[in-house]
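FYI, the numbering just counts along the sequence from 1.
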Amino acid sequence: MTDKKQRIVIAGGGTAGWMAAAAIARTMGAAVDLTLVESEAIGTIGVGESTIPPLVNYNRLLGINEADFMRATQATFKLGILFDNWKEPGHRYFHSFGLTGKDHWSAGFQHFWLHGRTRGHDQSYDDYCMELVAAMEGKFAHLPNEGINYAYQLDSGLYARFLRQMAEADGTKRIEGKIARVELDGESGDIAALVLDGDRRVEGDLFLDCTGFRALLMEGALHAGFDDWTHWLPCDSAIALQTPNVRPPVPYTRAMAHDAGWQWRIPLQHRTGNGLVYCSRYLDRDAALERLLGNIEGEALTEPNFLRFTTGVRRRQWYRNCVAVGLSSGFMEPLESTSIHLIQRAVLRFIRMLPLGKVSERDIAEYNDQQMQDNLQIRDFLILHYKATERRDSAFWRQCADMPIPDSLEQKIELFRETGRVFRRNEELFAENSWVQVMMGQGIEPQSHHPIATKLGDEELARFLGGIRDNVRDTVAKLPDHHAYVARYCGASVPQAA
């Protein structure tokens, strides 16, 4: 036992650094000595604007007032993602955050819907999901008993600024400075200190590497190793820019596939985030920029931000006395808006495993195993979008269709194709309905369904399915327009720049 405070040093600011600082400071308070080192001279990637529902709980955990947060970050609500041209050109489907229909403990709703099709009920699976119908009608409101599942579309730079104010108020010490080198302990091999320009030393017991793609601590100093996943997720480049809103913002993000990747469109209160993700093997930078500029709405407000990345994961995300958070831990393209979520998972997991004194190797092993499982499950979900496609119209899509995939994903796809079943493992991020919506949206049709659905007679089945559709329709009809609700609830009158 020890009464000595843990000295925690966060290297780097941005979304990752300040999410970590805000959560640690709010949770641990004076029990730790928390310092964040960042340099105003080093820019952040700052393109992660679309999130998923766990961020709602993260903010609540920190005691953040939602309306204040949304006002400060120019945020809108998000009910899911509209996927254009993924199965084939001209086709679209929606991955919502809500439940579809009503499950039975033995089988998901898709089994009852599949059985209904054999009995003449030809309504779309989409009609049974309230969040999906609301999104497509541009509606939103909070409902009693958390009756609507949602996330946010936000300015990540403004989110970092908002969290910085919180973290500093809760005792985080911020040091302005550029990291010149990382000093290791000669005996243990642990990180002893960050040495800044001017030879200022910042010592610590535990270090969080939030230095982005550079991974100055975890890779530059400790050489933790990296697993490259580009043979499954071949996109390696992106261009991001902002445009003014030319219409009221909708409560969903768009992911529009093209012949060498895809494009995002994310509407905030006063502007829209745009980006083109592509594989440089099939599309060069100039052509990619021309394509993006030709498919935006309104004039660009910012200069294009060109990014290069390697999809994959750090082999060890906690190594010695260092934890990698955010882009330093690996990169998943933002197809399902998981970037901020992975930061959140890393930070909360680190807090749960924070040692009182000496770091436990068992904690490190458990942390790394849990983090790797998160990344593997997200990886498989992203690969699904590229693999399960009928597109053969370009070399890029032919490569994706022909590529071998991980056994874990092969099992998930073929199990669903043969039986209509989906099983989640441990604390897997994506729910059964997410897998169902994306697999069917990408063209995977189940060949069978659970026999529990056959227990319903024709009249009972009609009442069951019709009752759900009626409830969805009636609930959505009463919702206000998303844009009007945002204006009343959290409208930000003057646009800000991060």
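Side-chain contact annotation: Asp155 with Thr73, donor-acceptor N/O pair under 3.5 Å absent.
Using a 4.0 Å cut-off between a side-chain N of Lys or Arg and a carboxylate O of Asp or Glu, Asp170 and Arg26 qualify as a salt bridge. With respect to the salt-bridge test (charged N to carboxylate O, under 4.0 angstrom), the residues Arg291 and Asp259 qualify. Checked for salt-bridge contact, Arg60 and Glu146 meet the test: a charged N lies under 4.0 Å from a carboxylate O. Between Glu460 and Arg463, none of the side-chain N atoms (NZ, or NE/NH1/NH2) sits under 4.0 Å from a carboxylate O, so this pair counts as no salt bridge. The pair Glu40-Arg174 meets the salt-bridge criterion, with a side-chain N (NZ, NE, NH1 or NH2) lying under 4.0 Å from an Asp/Glu carboxylate O.
The side chain to side chain contact (heavy atoms under 4.5 Å, CB included) test applied to Lys102 returns Phe464, Ile468, not counting sequence neighbours. Residues passing the side chain to side chain contact (heavy atoms under 4.5 Å, CB included) test with Ile452, sequence neighbours excluded: His104, Ser106, Ala107, Phe112, His450, Lys455. Checked against side chain to side chain contact (heavy atoms under 4.5 Å, CB included), Ala260 has the following partners two or more places apart in sequence or in another chain: His258, Tyr282, Leu283. The salt bridge (charged side-chain N to carboxylate O under 4.0 Å, His left out) check on Asp481 picks up nothing, with sequence neighbours excluded. For Glu333, there are no salt bridge (charged side-chain N to carboxylate O under 4.0 Å, His left out) partners at least two apart in sequence or on another chain. Shown here are the side-chain hydrogen bond (donor to acceptor under 3.5 Å, both in side chains) partners of Ser408, two or more places apart in sequence or in another chain: Asp380.
By the 30° and 60° cut-offs, the orientation of the rings of His482 relative to Phe140 is perpendicular. Phe77 and Tyr152 have tilted rings, their planes meeting at an angle from 30° to 60° on a 0 to 90° scale.
The environment of CD in Glu299 is sparse: at most 12 heavy-atom neighbours from other residues, nucleotides or ligands sit within 6.0 Å.
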